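Read the structure below first, then the notes.
The structure displayed is predicted, hence computed values, not measured ones.
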2 protein chains.
Amino acid sequence: MPESSARERIVDAAFDLFAERGYDATTVEDIAARAGVGRTTFFRQFRSKEHVVFPDHEQLLTAIAARLATATPRTAVVGVSEAAGLVLQHYLDEGERARRRYRLTRSVPALQERERAGIRQYERTFNRHIHGWLGGAPESLLRAELIANAVVTGHNHVLRAWLRGQLATASEARRAFRAAMAEVESHVDVPGREAAAPAEALPAVLVLRDAGDLDRLLPQIRDLLG
Amino acid sequence: MPESSARERIVDAAFDLFAERGYDATTVEDIAARAGVGRTTFFRQFRSKEHVVFPDHEQLLTAIAARLATATPRTAVVGVSEAAGLVLQHYLDEGERARRRYRLTRSVPALQERERAGIRQYERTFNRHIHGWLGGAPESLLRAELIANAVVTGHNHVLRAWLRGQLATASEARRAFRAAMAEVESHVDVPGREAAAPAEALPAVLVLRDAGDLDRLLPQIRDLLG
DNA sequence: CGCCTGCACGGTACGCCGTACCGTCTAGGC
DNA sequence: GCCTAGACGGTACGGCGTACCGTGCAGGCG
(Lines give C-alpha, C1' and ligand atoms only; values in the text may rest on other atoms or scores of the structure.)
Protein backbone atom coordinates (compact mmCIF):
# COMPACT_ATOMS: atom_id res chain seq x y z
CA MET A 1 0.00 0.00 0.00
CA PRO A 2 1.62 3.29 -1.08
CA GLU A 3 2.06 6.10 1.37
CA SER A 4 1.15 8.85 -1.12
CA SER A 5 -2.19 10.57 -0.80
CA ALA A 6 -5.23 9.37 -2.66
CA ARG A 7 -5.33 12.58 -4.66
CA GLU A 8 -1.79 12.16 -5.92
CA ARG A 9 -2.37 8.51 -6.76
CA ILE A 10 -5.45 9.46 -8.79
CA VAL A 11 -3.52 12.05 -10.76
CA ASP A 12 -0.68 9.65 -11.51
CA ALA A 13 -3.06 6.88 -12.53
CA ALA A 14 -4.97 9.26 -14.77
CA PHE A 15 -1.91 10.58 -16.60
CA ASP A 16 -0.55 7.06 -17.05
CA LEU A 17 -3.80 5.72 -18.43
CA PHE A 18 -4.29 8.72 -20.69
CA ALA A 19 -0.82 8.14 -22.12
CA GLU A 20 -1.46 4.41 -22.58
CA ARG A 21 -4.98 4.31 -24.03
CA GLY A 22 -5.79 7.91 -24.75
CA TYR A 23 -8.19 10.24 -22.98
CA ASP A 24 -11.51 9.12 -24.43
CA ALA A 25 -10.73 5.43 -24.08
CA THR A 26 -10.04 5.83 -20.36
CA THR A 27 -13.04 5.82 -18.06
CA VAL A 28 -13.21 7.33 -14.63
CA GLU A 29 -13.72 3.83 -13.27
CA ASP A 30 -10.41 2.77 -14.83
CA ILE A 31 -8.60 5.62 -13.13
CA ALA A 32 -10.17 4.93 -9.78
CA ALA A 33 -9.38 1.24 -10.03
CA ARG A 34 -5.69 1.81 -10.81
CA ALA A 35 -5.45 4.36 -8.02
CA GLY A 36 -6.98 1.84 -5.62
CA VAL A 37 -9.90 4.15 -4.95
CA GLY A 38 -13.63 4.06 -5.46
CA ARG A 39 -15.31 6.00 -8.23
CA THR A 40 -17.03 8.19 -5.67
CA THR A 41 -13.73 9.25 -4.17
CA PHE A 42 -12.54 10.34 -7.60
CA PHE A 43 -15.44 12.74 -7.94
CA ARG A 44 -14.92 13.97 -4.42
CA GLN A 45 -11.37 14.95 -5.30
CA PHE A 46 -12.04 16.30 -8.80
CA ARG A 47 -15.22 17.78 -10.14
CA SER A 48 -14.96 16.00 -13.46
CA LYS A 49 -12.76 13.79 -15.58
CA GLU A 50 -11.33 16.90 -17.21
CA HIS A 51 -10.34 18.58 -13.97
CA VAL A 52 -7.89 15.84 -13.04
CA VAL A 53 -5.63 17.02 -15.86
CA PHE A 54 -5.13 20.39 -14.10
CA PRO A 55 -4.83 19.31 -10.47
CA ASP A 56 -2.99 22.40 -9.20
CA HIS A 57 -5.15 24.99 -10.89
CA GLU A 58 -6.95 26.33 -7.81
CA GLN A 59 -3.76 26.46 -5.81
CA LEU A 60 -2.12 28.50 -8.59
CA LEU A 61 -5.08 30.82 -8.78
CA THR A 62 -4.92 31.67 -5.09
CA ALA A 63 -1.16 32.15 -5.31
CA ILE A 64 -1.66 34.69 -8.10
CA ALA A 65 -4.33 36.53 -6.18
CA ALA A 66 -2.09 36.64 -3.10
CA ARG A 67 0.79 38.11 -5.10
CA LEU A 68 -1.41 40.71 -6.77
CA ALA A 69 -2.93 41.70 -3.45
CA THR A 70 0.49 42.90 -2.22
CA ALA A 71 0.96 45.28 -5.18
CA THR A 72 -0.05 48.93 -5.46
CA PRO A 73 -0.62 51.18 -8.48
CA ARG A 74 3.02 52.25 -8.16
CA THR A 75 4.29 48.64 -8.25
CA ALA A 76 1.67 47.41 -10.69
CA VAL A 77 4.04 46.60 -13.55
CA VAL A 78 6.36 44.38 -11.52
CA GLY A 79 3.38 42.96 -9.68
CA VAL A 80 1.57 41.59 -12.72
CA SER A 81 4.84 40.38 -14.19
CA GLU A 82 5.73 38.45 -11.06
CA ALA A 83 2.22 37.08 -10.63
CA ALA A 84 2.29 35.75 -14.17
CA GLY A 85 5.78 34.49 -13.49
CA LEU A 86 4.40 32.33 -10.70
CA VAL A 87 2.42 30.36 -13.25
CA LEU A 88 5.40 29.95 -15.55
CA GLN A 89 7.60 28.84 -12.67
CA HIS A 90 5.03 26.29 -11.57
CA TYR A 91 5.03 24.70 -15.01
CA LEU A 92 8.82 24.74 -15.09
CA ASP A 93 8.89 22.96 -11.72
CA GLU A 94 6.37 20.44 -12.93
CA GLY A 95 8.70 19.33 -15.70
CA GLU A 96 7.63 16.19 -17.50
CA ARG A 97 4.05 16.24 -16.26
CA ALA A 98 3.57 19.66 -17.82
CA ARG A 99 4.69 18.32 -21.17
CA ARG A 100 2.44 15.28 -20.88
CA ARG A 101 -0.45 17.60 -20.19
CA TYR A 102 0.52 19.69 -23.19
CA ARG A 103 0.41 16.65 -25.48
CA LEU A 104 -2.93 15.71 -23.98
CA THR A 105 -4.53 19.10 -24.41
CA ARG A 106 -3.19 19.35 -27.94
CA SER A 107 -5.01 16.20 -28.98
CA VAL A 108 -8.25 16.42 -26.97
CA PRO A 109 -10.51 19.38 -27.80
CA ALA A 110 -12.45 19.07 -24.56
CA LEU A 111 -9.24 19.56 -22.62
CA GLN A 112 -8.28 22.54 -24.75
CA GLU A 113 -11.51 24.23 -23.73
CA ARG A 114 -10.99 23.28 -20.13
CA GLU A 115 -7.53 24.83 -20.24
CA ARG A 116 -8.87 28.00 -21.79
CA ALA A 117 -11.47 28.21 -19.05
CA GLY A 118 -8.70 28.09 -16.49
CA ILE A 119 -6.70 30.72 -18.33
CA ARG A 120 -9.75 32.91 -18.35
CA GLN A 121 -9.90 32.69 -14.58
CA TYR A 122 -6.35 33.98 -14.48
CA GLU A 123 -7.38 36.85 -16.73
CA ARG A 124 -10.28 37.74 -14.50
CA THR A 125 -8.05 37.80 -11.45
CA PHE A 126 -5.61 40.12 -13.20
CA ASN A 127 -8.50 42.18 -14.50
CA ARG A 128 -9.96 42.79 -11.07
CA HIS A 129 -6.70 44.01 -9.58
CA ILE A 130 -5.67 46.12 -12.55
CA HIS A 131 -9.08 47.72 -12.69
CA GLY A 132 -8.74 48.56 -9.02
CA TRP A 133 -5.35 50.15 -9.62
CA LEU A 134 -6.86 52.24 -12.42
CA GLY A 135 -9.39 53.65 -9.98
CA GLY A 136 -12.27 51.24 -10.39
CA ALA A 137 -14.26 53.53 -12.67
CA PRO A 138 -16.44 51.95 -15.38
CA GLU A 139 -14.54 53.90 -18.03
CA SER A 140 -11.37 51.99 -17.25
CA LEU A 141 -13.01 48.56 -17.45
CA LEU A 142 -12.10 48.09 -21.08
CA ARG A 143 -8.56 49.25 -20.57
CA ALA A 144 -8.05 46.93 -17.60
CA GLU A 145 -9.32 44.03 -19.67
CA LEU A 146 -6.98 44.90 -22.52
CA ILE A 147 -4.01 44.93 -20.17
CA ALA A 148 -5.00 41.72 -18.43
CA ASN A 149 -5.48 39.99 -21.76
CA ALA A 150 -2.13 41.18 -22.97
CA VAL A 151 -0.25 39.99 -19.90
CA VAL A 152 -1.82 36.55 -19.97
CA THR A 153 -1.32 36.29 -23.73
CA GLY A 154 2.36 37.14 -23.36
CA HIS A 155 2.77 34.58 -20.62
CA ASN A 156 1.04 31.84 -22.59
CA HIS A 157 3.16 32.62 -25.62
CA VAL A 158 6.35 31.90 -23.71
CA LEU A 159 4.87 28.93 -21.89
CA ARG A 160 3.84 27.28 -25.14
CA ALA A 161 7.28 27.84 -26.61
CA TRP A 162 8.83 26.07 -23.62
CA LEU A 163 6.30 23.23 -23.75
CA ARG A 164 7.12 22.67 -27.40
CA GLY A 165 10.82 22.44 -26.57
CA GLN A 166 11.70 25.65 -28.39
CA LEU A 167 13.18 26.91 -25.12
CA ALA A 168 15.54 24.31 -23.76
CA THR A 169 16.26 25.36 -20.19
CA ALA A 170 14.25 26.93 -17.43
CA SER A 171 16.46 29.99 -17.27
CA GLU A 172 16.05 30.46 -21.00
CA ALA A 173 12.30 30.32 -20.52
CA ARG A 174 12.46 32.91 -17.76
CA ARG A 175 14.55 35.21 -19.94
CA ALA A 176 12.06 34.87 -22.80
CA PHE A 177 9.29 35.61 -20.34
CA ARG A 178 10.90 38.89 -19.29
CA ALA A 179 11.30 39.83 -22.95
CA ALA A 180 7.65 39.04 -23.63
CA MET A 181 6.52 41.15 -20.67
CA ALA A 182 8.63 44.02 -22.01
CA GLU A 183 7.04 43.65 -25.43
CA VAL A 184 3.60 43.62 -23.87
CA GLU A 185 4.39 46.84 -22.03
CA SER A 186 5.68 48.42 -25.23
CA HIS A 187 2.56 47.60 -27.22
CA VAL A 188 -0.02 48.09 -24.51
CA ASP A 189 -0.27 51.33 -22.65
CA VAL A 190 0.15 50.32 -19.06
CA PRO A 191 0.77 53.78 -17.49
CA GLY A 192 -1.83 56.45 -17.94
CA ARG A 193 -1.37 58.46 -21.09
CA GLU A 194 -4.49 59.90 -22.64
CA ALA A 195 -6.09 58.76 -25.86
CA ALA A 196 -5.58 60.56 -29.16
CA ALA A 197 -7.38 63.83 -29.77
CA PRO A 198 -10.85 63.54 -31.33
CA ALA A 199 -11.12 63.92 -35.07
CA GLU A 200 -11.43 67.44 -36.44
CA ALA A 201 -14.72 68.48 -37.96
CA LEU A 202 -14.04 68.23 -41.67
CA PRO A 203 -16.56 69.46 -44.24
CA ALA A 204 -18.11 66.68 -46.25
CA VAL A 205 -20.90 66.38 -48.76
CA LEU A 206 -22.67 63.12 -49.32
CA VAL A 207 -24.69 62.85 -52.51
CA LEU A 208 -27.03 59.90 -52.48
CA ARG A 209 -28.57 58.74 -55.72
CA ASP A 210 -31.41 56.92 -53.92
CA ALA A 211 -32.98 59.31 -51.44
CA GLY A 212 -35.66 56.84 -50.38
CA ASP A 213 -33.84 55.59 -47.33
CA LEU A 214 -32.44 58.96 -46.40
CA ASP A 215 -34.51 59.22 -43.24
CA ARG A 216 -33.16 55.93 -42.05
CA LEU A 217 -29.56 56.82 -42.90
CA LEU A 218 -29.41 60.36 -41.59
CA PRO A 219 -29.12 59.47 -37.92
CA GLN A 220 -26.19 57.21 -38.70
CA ILE A 221 -24.48 59.91 -40.70
CA ARG A 222 -25.10 62.40 -37.95
CA ASP A 223 -23.63 60.33 -35.16
CA LEU A 224 -20.77 59.39 -37.45
CA LEU A 225 -19.82 62.99 -38.06
CA GLY A 226 -20.72 64.20 -34.57
CA MET B 1 -47.56 21.56 -40.08
CA PRO B 2 -45.56 24.81 -39.89
CA GLU B 3 -43.80 26.09 -42.93
CA SER B 4 -40.65 27.15 -41.12
CA SER B 5 -37.59 24.98 -41.37
CA ALA B 6 -36.90 22.29 -38.82
CA ARG B 7 -33.76 24.06 -37.73
CA GLU B 8 -35.61 27.26 -36.93
CA ARG B 9 -38.34 25.39 -35.09
CA ILE B 10 -35.75 23.63 -32.98
CA VAL B 11 -34.12 26.91 -32.03
CA ASP B 12 -37.43 28.52 -31.11
CA ALA B 13 -38.52 25.51 -29.08
CA ALA B 14 -35.20 25.43 -27.27
CA PHE B 15 -35.23 29.11 -26.31
CA ASP B 16 -38.84 28.87 -25.16
CA LEU B 17 -38.24 25.82 -23.03
CA PHE B 18 -35.05 27.25 -21.57
CA ALA B 19 -36.98 30.33 -20.55
CA GLU B 20 -39.82 28.29 -19.05
CA ARG B 21 -37.98 25.54 -17.14
CA GLY B 22 -34.37 26.60 -17.26
CA TYR B 23 -31.51 25.07 -19.22
CA ASP B 24 -30.66 22.07 -17.05
CA ALA B 25 -34.28 21.07 -16.54
CA THR B 26 -34.83 20.94 -20.30
CA THR B 27 -33.78 17.76 -22.07
CA VAL B 28 -32.96 17.42 -25.72
CA GLU B 29 -35.95 15.14 -26.05
CA ASP B 30 -38.19 17.94 -24.75
CA ILE B 31 -36.87 20.33 -27.36
CA ALA B 32 -37.24 17.84 -30.17
CA ALA B 33 -40.79 17.00 -29.09
CA ARG B 34 -41.90 20.63 -29.03
CA ALA B 35 -40.27 21.26 -32.38
CA GLY B 36 -42.10 18.26 -33.83
CA VAL B 37 -38.83 16.56 -34.63
CA GLY B 38 -37.03 13.40 -33.60
CA ARG B 39 -34.14 13.47 -31.19
CA THR B 40 -31.84 12.30 -33.95
CA THR B 41 -32.70 15.27 -36.12
CA PHE B 42 -31.79 17.60 -33.30
CA PHE B 43 -28.27 16.19 -33.16
CA ARG B 44 -28.02 16.30 -36.91
CA GLN B 45 -28.75 20.02 -36.85
CA PHE B 46 -26.68 20.87 -33.76
CA ARG B 47 -23.68 19.08 -32.41
CA SER B 48 -24.82 19.35 -28.81
CA LYS B 49 -27.43 20.81 -26.53
CA GLU B 50 -25.17 23.81 -25.98
CA HIS B 51 -24.71 24.59 -29.66
CA VAL B 52 -28.40 25.30 -30.20
CA VAL B 53 -27.98 28.47 -28.14
CA PHE B 54 -25.61 29.91 -30.78
CA PRO B 55 -27.27 28.82 -34.00
CA ASP B 56 -25.66 31.41 -36.30
CA HIS B 57 -22.13 31.06 -35.04
CA GLU B 58 -20.60 29.32 -38.04
CA GLN B 59 -22.31 31.64 -40.47
CA LEU B 60 -20.91 34.64 -38.60
CA LEU B 61 -17.47 33.11 -38.56
CA THR B 62 -17.40 32.69 -42.32
CA ALA B 63 -18.74 36.22 -42.80
CA ILE B 64 -15.87 37.58 -40.71
CA ALA B 65 -13.32 35.57 -42.62
CA ALA B 66 -14.77 36.78 -45.92
CA ARG B 67 -14.59 40.42 -44.85
CA LEU B 68 -11.03 40.07 -43.58
CA ALA B 69 -9.99 38.36 -46.78
CA THR B 70 -10.79 41.51 -48.75
CA ALA B 71 -8.51 43.72 -46.63
CA THR B 72 -4.86 44.50 -47.17
CA PRO B 73 -2.17 45.77 -44.80
CA ARG B 74 -3.13 49.30 -45.92
CA THR B 75 -6.79 48.83 -45.04
CA ALA B 76 -6.18 46.67 -42.00
CA VAL B 77 -7.57 49.10 -39.46
CA VAL B 78 -10.90 49.56 -41.14
CA GLY B 79 -10.96 45.90 -42.08
CA VAL B 80 -10.76 44.53 -38.54
CA SER B 81 -13.13 47.18 -37.31
CA GLU B 82 -15.75 46.32 -39.90
CA ALA B 83 -15.31 42.59 -39.47
CA ALA B 84 -15.92 42.97 -35.75
CA GLY B 85 -18.79 45.27 -36.61
CA LEU B 86 -20.44 42.44 -38.52
CA VAL B 87 -20.79 40.52 -35.29
CA LEU B 88 -22.20 43.51 -33.45
CA GLN B 89 -24.66 44.19 -36.25
CA HIS B 90 -25.81 40.59 -36.22
CA TYR B 91 -26.64 40.78 -32.54
CA LEU B 92 -28.40 44.10 -33.04
CA ASP B 93 -30.49 42.56 -35.80
CA GLU B 94 -31.26 39.58 -33.61
CA GLY B 95 -32.89 41.80 -31.03
CA GLU B 96 -34.79 39.97 -28.32
CA ARG B 97 -33.24 36.59 -29.00
CA ALA B 98 -29.81 38.05 -28.32
CA ARG B 99 -30.97 39.28 -24.94
CA ARG B 100 -32.58 35.96 -24.09
CA ARG B 101 -29.30 34.27 -24.91
CA TYR B 102 -27.47 36.76 -22.73
CA ARG B 103 -29.67 35.94 -19.75
CA LEU B 104 -29.14 32.26 -20.44
CA THR B 105 -25.37 32.43 -20.68
CA ARG B 106 -25.25 34.56 -17.56
CA SER B 107 -26.94 31.88 -15.50
CA VAL B 108 -25.54 28.69 -17.00
CA PRO B 109 -21.77 28.21 -16.61
CA ALA B 110 -21.62 25.60 -19.33
CA LEU B 111 -23.03 28.11 -21.82
CA GLN B 112 -20.58 30.75 -20.68
CA GLU B 113 -17.75 28.44 -21.60
CA ARG B 114 -19.36 27.57 -24.88
CA GLU B 115 -19.66 31.26 -25.70
CA ARG B 116 -16.04 31.85 -24.82
CA ALA B 117 -15.06 29.00 -27.10
CA GLY B 118 -16.89 30.71 -29.93
CA ILE B 119 -15.28 34.05 -29.17
CA ARG B 120 -11.93 32.36 -29.24
CA GLN B 121 -12.65 31.18 -32.78
CA TYR B 122 -13.24 34.80 -33.73
CA GLU B 123 -9.93 35.71 -32.17
CA ARG B 124 -8.11 33.00 -34.09
CA THR B 125 -9.61 34.21 -37.35
CA PHE B 126 -8.52 37.77 -36.66
CA ASN B 127 -5.15 36.49 -35.51
CA ARG B 128 -4.45 34.63 -38.74
CA HIS B 129 -5.23 37.61 -40.95
CA ILE B 130 -3.41 40.17 -38.82
CA HIS B 131 -0.39 37.94 -38.60
CA GLY B 132 -0.40 37.70 -42.36
CA TRP B 133 -0.58 41.48 -42.70
CA LEU B 134 2.39 41.77 -40.35
CA GLY B 135 4.44 39.59 -42.67
CA GLY B 136 3.81 36.16 -41.20
CA ALA B 137 7.09 35.99 -39.32
CA PRO B 138 7.19 34.10 -36.01
CA GLU B 139 8.39 37.25 -34.26
CA SER B 140 5.09 38.96 -34.97
CA LEU B 141 2.96 36.11 -33.65
CA LEU B 142 2.67 37.61 -30.20
CA ARG B 143 1.87 41.05 -31.56
CA ALA B 144 -0.83 39.68 -33.84
CA GLU B 145 -2.37 37.85 -30.92
CA LEU B 146 -2.30 40.99 -28.79
CA ILE B 147 -4.08 42.96 -31.49
CA ALA B 148 -6.66 40.26 -32.16
CA ASN B 149 -7.38 39.96 -28.45
CA ALA B 150 -7.76 43.70 -28.13
CA VAL B 151 -10.18 44.01 -31.04
CA VAL B 152 -12.38 41.19 -29.84
CA THR B 153 -12.25 42.47 -26.28
CA GLY B 154 -13.33 45.93 -27.40
CA HIS B 155 -16.17 44.48 -29.41
CA ASN B 156 -17.38 42.30 -26.54
CA HIS B 157 -17.26 45.23 -24.20
CA VAL B 158 -19.69 47.21 -26.30
CA LEU B 159 -21.84 44.18 -27.05
CA ARG B 160 -22.26 43.40 -23.36
CA ALA B 161 -23.18 47.00 -22.64
CA TRP B 162 -25.92 46.81 -25.26
CA LEU B 163 -27.12 43.43 -24.04
CA ARG B 164 -27.42 44.83 -20.54
CA GLY B 165 -29.49 47.70 -21.83
CA GLN B 166 -26.87 50.32 -21.05
CA LEU B 167 -27.01 51.33 -24.71
CA ALA B 168 -30.60 51.92 -25.70
CA THR B 169 -30.57 52.10 -29.47
CA ALA B 170 -28.71 50.36 -32.24
CA SER B 171 -27.10 53.53 -33.48
CA GLU B 172 -25.94 54.32 -29.97
CA ALA B 173 -24.37 50.88 -29.84
CA ARG B 174 -22.63 51.46 -33.17
CA ARG B 175 -21.27 54.78 -31.98
CA ALA B 176 -19.97 53.20 -28.79
CA PHE B 177 -18.43 50.51 -30.93
CA ARG B 178 -16.49 53.02 -33.01
CA ALA B 179 -15.32 54.69 -29.83
CA ALA B 180 -14.16 51.36 -28.44
CA MET B 181 -12.29 50.56 -31.64
CA ALA B 182 -10.61 53.95 -31.43
CA GLU B 183 -9.60 53.24 -27.86
CA VAL B 184 -8.24 49.88 -28.85
CA GLU B 185 -6.19 51.51 -31.61
CA SER B 186 -4.87 54.07 -29.18
CA HIS B 187 -3.70 51.46 -26.71
CA VAL B 188 -2.30 48.86 -29.06
CA ASP B 189 -0.37 49.32 -32.27
CA VAL B 190 -2.66 48.17 -35.04
CA PRO B 191 -0.99 47.87 -38.46
CA GLY B 192 -2.25 50.04 -41.29
CA ARG B 193 -2.73 53.13 -39.19
CA GLU B 194 0.67 54.54 -40.06
CA ALA B 195 0.20 53.55 -43.71
CA ALA B 196 -3.14 55.31 -44.04
CA ALA B 197 -3.48 58.00 -46.66
CA PRO B 198 -2.56 61.50 -45.41
CA ALA B 199 -5.57 63.55 -44.48
CA GLU B 200 -6.34 66.74 -46.40
CA ALA B 201 -8.79 69.19 -44.92
CA LEU B 202 -10.70 69.64 -48.15
CA PRO B 203 -14.40 69.46 -48.92
CA ALA B 204 -15.41 66.20 -50.53
CA VAL B 205 -18.30 65.02 -52.61
CA LEU B 206 -19.11 61.37 -52.28
CA VAL B 207 -21.45 59.78 -54.77
CA LEU B 208 -22.75 56.44 -53.72
CA ARG B 209 -24.37 54.34 -56.39
CA ASP B 210 -26.20 52.09 -53.93
CA ALA B 211 -27.23 53.62 -50.64
CA GLY B 212 -27.59 50.17 -49.11
CA ASP B 213 -23.83 49.90 -48.89
CA LEU B 214 -23.55 53.09 -46.92
CA ASP B 215 -23.23 51.34 -43.59
CA ARG B 216 -20.36 49.34 -44.91
CA LEU B 217 -18.62 52.28 -46.56
CA LEU B 218 -18.90 54.91 -43.88
CA PRO B 219 -16.04 53.66 -41.74
CA GLN B 220 -13.78 53.71 -44.79
CA ILE B 221 -14.89 57.24 -45.56
CA ARG B 222 -14.18 58.24 -42.03
CA ASP B 223 -10.78 56.64 -42.23
CA LEU B 224 -9.96 58.56 -45.40
CA LEU B 225 -11.05 61.83 -43.87
CA GLY B 226 -9.13 61.60 -40.68
C1' DC C 1 -14.85 -0.35 28.42
C1' DG C 2 -19.07 0.52 25.62
C1' DC C 3 -21.49 3.95 23.13
C1' DC C 4 -22.36 7.71 20.30
C1' DT C 5 -21.19 11.07 16.69
C1' DG C 6 -18.94 12.79 12.66
C1' DC C 7 -16.73 11.85 8.49
C1' DA C 8 -14.57 9.80 4.57
C1' DC C 9 -15.16 5.98 1.82
C1' DG C 10 -17.11 2.39 -1.59
C1' DG C 11 -21.22 0.72 -3.82
C1' DT C 12 -25.47 1.29 -6.31
C1' DA C 13 -28.96 3.31 -9.05
C1' DC C 14 -30.55 6.83 -11.99
C1' DG C 15 -31.12 10.59 -15.62
C1' DC C 16 -29.22 12.36 -19.36
C1' DC C 17 -25.97 13.23 -23.18
C1' DG C 18 -23.92 11.99 -27.42
C1' DT C 19 -23.09 8.21 -30.85
C1' DA C 20 -23.97 4.28 -33.76
C1' DC C 21 -27.00 1.83 -36.24
C1' DC C 22 -31.37 0.51 -38.12
C1' DG C 23 -35.55 0.67 -41.16
C1' DT C 24 -38.66 4.01 -43.51
C1' DC C 25 -40.13 7.62 -46.49
C1' DT C 26 -39.69 10.94 -50.17
C1' DA C 27 -37.68 13.62 -53.93
C1' DG C 28 -35.51 13.39 -58.24
C1' DG C 29 -32.89 11.15 -62.29
C1' DC C 30 -32.97 7.45 -65.93
C1' DG D 1 -42.47 3.12 -63.12
C1' DC D 2 -38.24 2.09 -60.92
C1' DC D 3 -34.09 3.07 -58.33
C1' DT D 4 -30.77 5.50 -55.67
C1' DA D 5 -29.51 9.12 -52.35
C1' DG D 6 -30.41 11.48 -48.44
C1' DA D 7 -33.05 12.99 -44.46
C1' DC D 8 -35.87 11.32 -40.97
C1' DG D 9 -37.55 8.86 -36.48
C1' DG D 10 -36.65 5.02 -33.37
C1' DT D 11 -33.72 2.28 -30.55
C1' DA D 12 -29.88 0.71 -27.96
C1' DC D 13 -25.64 1.57 -25.70
C1' DG D 14 -21.51 3.49 -23.18
C1' DG D 15 -20.22 6.85 -20.19
C1' DC D 16 -20.52 10.95 -17.20
C1' DG D 17 -22.04 13.22 -13.16
C1' DT D 18 -25.26 13.11 -9.09
C1' DA D 19 -27.93 11.40 -5.23
C1' DC D 20 -28.30 8.30 -1.87
C1' DC D 21 -27.17 4.51 1.20
C1' DG D 22 -24.57 1.52 4.25
C1' DT D 23 -19.95 0.73 6.31
C1' DG D 24 -15.66 1.34 8.83
C1' DC D 25 -12.76 4.17 11.55
C1' DA D 26 -11.28 7.76 14.74
C1' DG D 27 -12.17 10.33 18.77
C1' DG D 28 -15.01 12.42 22.76
C1' DC D 29 -17.83 11.02 26.84
C1' DG D 30 -19.90 8.65 30.68
Ignoring hydrogens and angles, write down the donor-acceptor pairs under 3.5 Å from the side chains of residues 120-127 of chain A, residues two or more places apart or on other chains.
unit_1: A:Gln121; atom_1: OE1; unit_2: A:His57; atom_2: NE2; d: 2.7
unit_1: A:Tyr122; atom_1: OH; unit_2: A:His57; atom_2: ND1; d: 3.4
unit_1: A:Thr125; atom_1: OG1; unit_2: A:Gln121; atom_2: O; d: 3.0

Side-chain donor-acceptor pairs of residues 160-167 of chain A under 3.5 Å, sequence neighbours excluded:
unit_1: A:Arg164; atom_1: NE; unit_2: A:Tyr102; atom_2: OH; d: 3.1

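With distances taken from any side-chain atom of A:Lys49 to the nucleotides C:dC17, D:dG17, D:dC8, the minimum falls on D:dG17.
Annotation: side-chain contact (heavy atoms from CB on, under 4.5 Å) contacts of A:His51 (sequence neighbours excluded): A:Phe46, A:Arg47, A:Ser48, A:Arg114. Listed by chain and residue number, A:Ser186, A:His187, B:Leu142, B:Arg143 satisfy the side-chain contact (heavy atoms from CB on, under 4.5 Å) test with A:Glu183 (two or more places apart in sequence, or in another chain). In this structure A:Phe177 satisfies the ring-ring contact (aromatic ring centres under 6.0 Å, His included) test with no other residue, sequence neighbours excluded. Partners of B:Thr153 according to the side chain to side chain donor-acceptor pair (under 3.5 Å) rule, which considers only residues two or more places apart in sequence or in another chain, are A:Asn149. For B:Asp93, the side-chain contact (heavy atoms from CB on, under 4.5 Å) test picks out B:Gln89, with sequence neighbours left out.
Atom pair A:Tyr23:OH and D:dC16:P shows a separation of 8 Å (rounding to whole Å applied). The interatomic distance linking B:Asp30 (CG) with C:dC17 (C1') rounds to 13 Å, in whole Å. Between A:Arg21 atom CZ and D:dG15 atom P there is a gap of 11 Å when expressed in whole angstrom units. If you take CZ of A:Arg7 and P of C:dA8, they are 14 Å apart, rounded to a whole angstrom. Distance CZ (B:Phe42) to C1' (C:dT19): 14 Å, rounded to an integer number of Å. Residue B:Glu29 contributes atom CD, which lies 14 Å from atom P of C:dG18 at whole-angstrom precision. Going from atom CZ of B:Phe46 over to atom C1' of C:dT19 covers 18 Å, rounded to whole Å. Between A:Asp24 atom CG and D:dG14 atom P there is a gap of 16 Å when expressed in whole angstrom units.
Both the sub-6.0 Å distance and the 45° axial angle are satisfied by B:Arg97 relative to the ring of B:Phe15.
Here the side chain of B:Thr75 pairs no donor or acceptor atom with the backbone of B:Val78 at under 3.5 angstrom.
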Report each atom pair, protein N/O against N/O of nucleotides 18-23 of chain D, whose distance is under 3.5 angstrom.
unit_1: D:dT18; atom_1: O4; unit_2: A:Arg39; atom_2: NH2; d: 3.0

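With the nearest nucleotide of DNA chain D identified for both A:Ala25 and B:Val37, B:Val37 has the one nearer the 5' end.
Near DNA chain C, meaning a heavy atom under 4.0 Å away, there are no residues from residues 109-118 of chain A.
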